[in-house]
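Let me begin by presenting the structure, written as structure tokens, before commenting on it.
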Amino acid sequence: MNDTLGILVMNNQLKKKFLAATIATVGVMPVLAYAQTHAGHAGHTAAPPATSSPATASGMNHGSMNMSDKDHGSTGMPSMDHGSMDMPGMDHGAGKAPAQDHDDMKMPMKQADPLKNTSAMPGMSHGQSDSNAPIPAHNMGAMDRGGGEMDHGDMQMQGGSPPPDARDPDAYSDGYVRNAGKYALPPSDALIMSDMHNFGSVNFDRLEYVRARGEEWAAYEGEAWYGSTYNRAVIKAEGEVASGKLQESETQLLWRHAVSTFWDTELGFRFDHGQGVPNREWLAFGFKGLAPYWFEVDATAYVGSSGRTALELKAEYDILLTQKLYLQPSVEVNFYGKDDERWGIGSGLTDGTAGLRLKYEVTRQFVPYVGVEWSSKFGKTADYARAAGDSKQETRFVAGLSFRF
């Protein structure tokens, strides 16, 4: 009693005792609930089996199985209360996986007596056990699957025959296949390694008729080679023929050596011939190959007598319109180190030619074409041309044939 206010007040000692009793009650309640739950299971006994023979999965109807009489008190699973479990919807009598044959699957159920092998289900044991060791629940690892193999008879695996409309890989090869046909090497000459045999080829890139300024003439450019994959002897030739006479020509004899997958080096001699002018001889060194983005490049430097030098650059590219029809733009420029009045050549950039040819591959070896070229002379070379009565620039119309064998 609070004497001053006349109010009933609980003293501190009584408060502490009441708080301690409350905490103890809250802590003991889950333990009592756990004990009460499993105390109810202790009174249940396993129903005796109707027969001592193992029950098969096909004859077992779980739809009417009432698991309430099973004793789970000793299974070591305190959180699984199966005392009131009723599984009316689980009818496993006719359950079959389409790819697995479970007709012969036997699931014997284990009785409360572990010494008797009556209707026990190893791996799905819900029965009573006298052993204190926990029994794994719903373990399907011990099932007999009738041989342990899956029936893959109806399974369609990836692969098989291609569809009727599949693309033919040889559709654009004119019927030729690798290592077969008239262009294939005989077995005695078949390549075993890259550099075992020597072979040769002749390739004319231009054999054409040219018309410009009301005049007509023929032009040629090509090469022939013989050797192995890495080392070849090469003859390059180009020139012009008018009125049945060779007006001028450039012939090179080279040794070609492969230095990488797409590039070759060339070393040799060049011989120039012209009507009414002295011949010129040069040492030649250059490289050719396939640059990135499929540009064919040919660059050669020359050193001649009397300190003459020259540099020739060529490039071309194929633009496919179809598998057989394509455009081939090309460009060529020439530089000389000093004047050569007899040949009408000045120092520096002397001349350049840009062309565009439309080619059609009748076969890989036979390619007719038509095209146009623009040619121009520069610097002192243009002055020599005007003095000789020739034009500085001209447009040429061409028609010709590319072939190789």
- [ ] Could you give me the CA-CA distance, side-chain angles and deciding distance for W374 and V331, then say whether side chain to side chain contact (heavy atoms under 4.5 Å, CB included) is met?
- [x] CA-CA 10 Å; W374 298 271; V331 63; over 6 Å; no
- [ ] Step by step, work out the side chain to side chain contact (heavy atoms under 4.5 Å, CB included) result for N203 and W225.
- [x] CA-CA 9 Å; N203 180 13; W225 57 264; 5.9 Å; no
With no hydrogens and no angle check, is any side-chain donor or acceptor of [X] less than 3.5 Å from a backbone partner on [Y]?
| X | Y | value |
| --- | --- | --- |
| S243 | K245 | no |
| D339 | S347 | yes |
| K338 | S306 | yes |
| T381 | I345 | no |
| Q275 | L246 | yes |
| W282 | T309 | no |

Task: Evaluation steps, side chain to side chain donor-acceptor pair (under 3.5 Å), between W294 and D318 - done: CA-CA 8 Å; W294 306 98; D318 293 343; over 6 Å; no
Any heavy-atom pair between the side chains of [Y] and [X] that's under 4.5 Å?
| X | Y | answer |
| --- | --- | --- |
| V303 | F285 | no |
| S249 | Y220 | yes |
| S376 | F378 | yes |
| R280 | P278 | yes |
| E216 | Y209 | yes |
| L321 | L358 | yes |
| F366 | Y360 | no |
| W343 | D272 | yes |

TODO: Only one of E208, E316, Q328 passes side chain to side chain donor-acceptor pair (under 3.5 Å) with R357; say which it is.
DONE: E208
Task: Steps toward side chain to side chain contact (heavy atoms under 4.5 Å, CB included) verdict (Y369, R206) - done: CA-CA 9 Å; Y369 64 86; R206 292 193 301 131; 3.7 Å; yes
Heavy-atom pair with the smallest gap, counting every atom of [X] and [Y]:
| X | Y | answer |
| --- | --- | --- |
| V241 | W217 | O-CB, 3.4 Å |
| T300 | A284 | CG2-CB, 4.1 Å |
| Y293 | Y317 | O-CE1, 2.9 Å |
| A299 | L313 | CB-CD2, 3.5 Å |
| G344 | Y384 | C-CD1, 3.5 Å |
| K377 | S391 | NZ-O, 4.4 Å |

I'd like to know whether [atom1] of [X] has more than 12 heavy-atom contacts from other residues, nucleotides or ligands below 6.0 angstrom.
| X | atom1 | result |
| --- | --- | --- |
| Y326 | OH | yes |
| E341 | CD | no |
| F271 | CZ | yes |

Let me have the donor-acceptor pairs involving side chains of residues 232-240, under 3.5 Å, with sequence neighbours excluded, atom names and distances please.
unit_1	atom_1	unit_2	atom_2	d
R232	NE	S228	O	2.9
K236	NZ	E266	OE1	3.1
K236	NZ	E266	OE2	3.4
K236	NZ	D298	OD2	2.9
E238	OE2	K314	NZ	3.0

Open item on the list: Does this structure show an ion pair linking D383 with R386, if we count only N-O contacts that are shorter than 4.0 Å?
Closed with: yes
Task: Salt-bridge criterion met for R256 and E223 (N-O under 4.0 Å) - done: yes
Atom [atom1] in [X], atom [atom2] in [Y]: separation rounded to 0.5 Å?
| X | Y | atom1 | atom2 | result |
| --- | --- | --- | --- | --- |
| N334 | D351 | CG | CG | 4.5 Å |
| L267 | L254 | CG | CG | 8.0 Å |
| H273 | Q247 | NE2 | CD | 9.0 Å |
| R308 | E281 | CZ | CD | 8.5 Å |
| K359 | D205 | NZ | CG | 4.5 Å |
| K288 | T265 | NZ | OG1 | 12.0 Å |

Task: Contacts of type ring pair (Phe, Tyr, Trp, His ring centres under 6.0 Å), residue F403, not counting sequence neighbours - done: F204
Task: T350 and F335: CA distance, side-chain angles, deciding distance, side chain to side chain contact (heavy atoms under 4.5 Å, CB included) verdict - done: CA-CA 6 Å; T350 58; F335 300 85; over 6 Å; no
